[in-house]
Student: 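To start, I am sharing the structure in question, which I have written as structure tokens.
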Amino acid sequence: SLSWRNAIFLEATGRNDWVSTLTKDHRSYFYPSISGSVVVTDLLPSKPTWLDMFKVRGSWAITKSVLDPYEVHSTFTVTSNVWNGLPTASYPNIIKDFSISPTQRDLTEFGFDFAVLNNRLYGNYTRYYRLLHNQIVKAKISKTTGFEERLINTKEEEMTKGHEITLGGTPIKHENFQWDVTMNLSQNMRYFHKLDPQYSKDALYVKEGLRADYIEYKDWERSPDGQMILNSSGMPISAQYANQLVGYTAPKWFWGLSNQFRYRDFSFGFSLDGRIKGMSYSTMNARLWQTGSHPDSDTPYRYEEVVNGNKTFIAPGVKIVSGSVTYDKYGQIAEDTRVFAPNDKVVSYEGYYKRAYSGRWNYWDETFIKLRELSLSYRMPDKIASKFKAKRASIGVTGQNLLLWTKEFRFSDPDVGSEDLSSPSMRYIGFNINLTF
């Protein structure tokens, strides 16, 4: 570590590891780092009166990770009591390459911090890049080899880019009243930086510069204008072409807003946060439809079928009257001579939705706004605190997860970023007494 005039700082590290899980040629690896910062305001001959602090900073580092023990060795999998009390042993279906070397991440970060107007306004900004390369993956190979996968160091590279922004201040500051506020905004996205010519997925949404956190799904067969195509039985047809892009898992932005108010001996605070965009699969919604428990499934069609035994439901969509269609390998229409007509086949309402309501219909936008915390406290007079032999005493009430607004999620909290029949998030309300001796 080095510093100059207590304003310029530089730090560097170097580390070498030896790992027995890799072969002799690759088990030793080195990774360094370097970081620095400059407090610009401490170097200025005459600092402006309104500027309290301004600092720039940056860093660069390499990290590496290796396989778990025995990952490069092919061993039999033994299963006991398979047939007539006897065990079986099976050879793995993956080729393990002994030339595997560590996965590497190159991390670059820079930003600045500032404070002005006697620290009434302050903030910071950080921009970072994380390049993932030489990644150890299980690549799919032809089953004619006798195996299904091969353990390799892929040439595919991913670049993660992100922003972190914080802005805070004290808009109002008087003897008996003060308002403090802090806002933050962040983003974290993965992109394809380079593709492996042999092992990278061949798809329209897998290209250099496009996002790597894609969601794909094989949809139902649809007409050029997006209507669902139904077969002669009035039921949807599984698409014959390749998987299609549904969306992306990572939100475009995370955000938060915290406020703290003080009036005499009372303090009141609340914080909001949320997410903009990002998608995840709602297993809850899918199972509600498939089991007939969804509130929206209570329709006249279902009543007529269950109570009166009459099937009256005609699914929205079209049927093919004549013609045919051909697709390219990406699922795009190459030639289409089909003629469509509105669907007129009556089917079971329950049977249709058990089959049709799956897949991409359950990928939902995770946008939400949450009242994360609400608090109110009162600092009791010193006379009351002294009765408890304390210097200070306060009482308060707090609440967490009090309100939630979501764009599409109806039966679960998208805050966790995934949902698999998850329990609802808990709302907490508590009281507290604080004594300082």
Side-chain angles (χ1 to χ4, degrees), residues 63 65 103 105 107 126-133 135-140 154 156-165 184-196 199-220 239 241-256 272-289 330-331 357-370 372 401 404-425:
T63 64
S65 57
T103 294
R105 293 172 178 84
L107 315 176
T126 301
R127 175 65 165 167
Y128 60 85
Y129 300 88
R130 299 171 182 168
L131 178 62
L132 173 65
H133 57 103
Q135 188 177 3
I136 302 173
V137 300
K138 295 178 180 178
K140 296 291 184 181
T154 179
E156 184 176 292
E157 299 180 359
E158 290 184 6
M159 174 70 78
T160 300
K161 304 177 184 179
H163 304 268
E164 293 179 355
I165 305 168
N184 62 75
L185 193 65
S186 64
Q187 183 186 78
N188 187 77
M189 301 233 182
R190 294 188 297 118
Y191 298 88
F192 289 109
H193 187 68
K194 186 182 294 185
L195 298 181
D196 189 312
Y199 292 107
S200 287
K201 184 179 180 65
D202 184 15
L204 293 175
Y205 42 86
V206 179
K207 304 292 182 184
E208 292 182 7
L210 298 184
R211 289 177 58 175
D213 58 316
Y214 61 83
I215 300 172
E216 61 177 3
Y217 195 85
K218 182 170 287 189
D219 197 9
W220 299 112
Y241 45 82
N243 289 352
Q244 302 296 301
L245 178 67
V246 176
Y248 300 95
T249 59
K252 287 189 175 181
W253 293 100
F254 296 92
W255 64 272
L272 299 166
D273 60 49
R275 183 178 301 165
I276 301 174
K277 296 297 183 179
M279 300 185 73
S280 63
Y281 188 81
S282 176
T283 304
M284 182 80 70
N285 188 68
R287 296 297 178 265
L288 285 172
W289 274 107
Y330 300 114
Y357 211 101
S358 61
R360 66 181 301 162
W361 287 0
N362 299 297
Y363 283 101
W364 284 356
D365 189 329
E366 293 182 336
T367 299
F368 73 88
I369 300 173
K370 176 177 286 189
R372 182 71 62 177
N401 296 333
L404 173 66
W405 174 88
T406 64
K407 183 177 181 179
E408 292 188 349
F409 273 77
R410 296 175 57 185
F411 312 109
S412 53
D413 189 345
D415 193 3
V416 296
S418 63
E419 189 267 284
D420 187 8
L421 301 181
S422 305
S423 299
S425 57

Student: Is there a side-chain contact between Tyr330 and Asp202 (heavy atoms, below 4.5 Å)?
Tutor: yes
Student: Quick one: which of Trp253, Phe368, Phe254 gives a side chain to side chain contact (heavy atoms under 4.5 Å, CB included) with Ile276?
Tutor: Trp253
Student: Using the side chain to side chain contact (heavy atoms under 4.5 Å, CB included) definition, which of the options Leu210, Asp213, Ile215 pairs with Tyr248?
Tutor: Asp213
Student: Look up atom CD1 in Ile369 and atom CH2 in Trp255, then write down how far apart they are to the nearest 0.5 Å.
Tutor: 5.0 Å
Student: Just do the side chain to side chain donor-acceptor pair (under 3.5 Å) check on Asp420 and Tyr281 with the steps written out, would you?
Tutor: CA-CA 8 Å; Asp420 187 8; Tyr281 188 81; over 6 Å; no
Student: Give the minimum heavy-atom separation between Ser200 and Glu156, together with the two atoms involved.
Tutor: OG-OE1, 2.6 Å
Student: Measure the NZ-CD distance between Lys277 and Gln187 for me, rounded to the nearest 0.5 Å.
Tutor: 14.0 Å
Student: Considering all heavy atoms of both residues, which atom of Gly331 and which atom of Gln244 are nearest to each other, and what is their separation?
Tutor: CA-NE2, 4.1 Å
Student: Take Lys207 and Phe192, measure what side chain to side chain contact (heavy atoms under 4.5 Å, CB included) needs, and give me the verdict at the end.
Tutor: CA-CA 6 Å; Lys207 304 292 182 184; Phe192 289 109; over 6 Å; no
Student: Quick one: pull up OG1 in Thr160 and OH in Tyr191 and give me the separation to the nearest 0.5 Å.
Tutor: 10.0 Å
Student: Can you measure from CZ (Arg275) to CG (Asp365) and round to the nearest 0.5 angstrom?
Tutor: 10.5 Å
Student: For Ser282 and Arg410, what are the C-alpha separation, side-chain angles and deciding distance, and is it a side chain to side chain contact (heavy atoms under 4.5 Å, CB included)?
Tutor: CA-CA 10 Å; Ser282 176; Arg410 296 175 57 185; over 6 Å; no
Student: For the side chain of Glu158 and the backbone of Arg190, is there at least one donor-acceptor N/O pair under 3.5 Å apart?
Tutor: no
Student: Measure the acute angle between the ring planes of Trp364 and Phe409, then classify it against the limits of 30° and 60° as parallel, tilted or perpendicular.
Tutor: perpendicular
Student: Just verifying a value: how many Å separate Glu408 CD and Glu366 CD, rounded to the nearest 0.5 Å?
Tutor: 10.0 Å
Student: How close do Thr406 and Pro414 get, heavy atom to heavy atom, and via which atoms?
Tutor: CG2-CD, 3.7 Å
Student: Go through it in stages, so that I can follow the logic: the residues are Tyr128 and Asn188, the test is side chain to side chain donor-acceptor pair (under 3.5 Å), and I'd like the CA-CA distance, side-chain angles, deciding distance and then a yes or no.
Tutor: CA-CA 9 Å; Tyr128 60 85; Asn188 187 77; 2.6 Å; yes
Student: If you look at every heavy atom in Asn285 and Glu419, which pair is closest and at what distance?
Tutor: N-OE1, 4.5 Å
Student: Salt bridge or not for Asp273 and Arg372, using N-O below 4.0 Å?
Tutor: yes
Student: Heavy atoms, side chains only, cut-off 4.5 Å: are Gln135 and Glu157 in contact?
Tutor: no
Student: Is the closest side-chain heavy-atom distance between Leu195 and Val206 below 4.5 Å?
Tutor: yes
Student: Test side chain to side chain contact (heavy atoms under 4.5 Å, CB included) on Lys194 and Met159 and set out the steps.
Tutor: CA-CA 9 Å; Lys194 186 182 294 185; Met159 174 70 78; over 6 Å; no
Student: Answer yes or no: is there a side-chain heavy-atom contact under 4.5 Å between Leu245 and Leu204?
Tutor: no
Student: Report the distance from atom CZ of Arg287 to atom CZ of Phe411, rounding to the nearest 0.5 Å.
Tutor: 14.5 Å
Student: Which atoms form the tightest heavy-atom contact between Lys370 and Ser425, and what is the distance?
Tutor: NZ-OG, 4.5 Å
Student: Could you tell me if the side chain of His163 sits less than 4.5 Å from the side chain of Leu185, heavy atoms only?
Tutor: no
Student: Please report the shortest heavy-atom distance between Gly417 and Ser280, naming the atom on each side.
Tutor: O-CB, 3.7 Å
Student: Ignoring hydrogens and geometry, is there a side-chain-to-backbone donor-acceptor pair from Asn243 to Glu216 under 3.5 Å?
Tutor: no
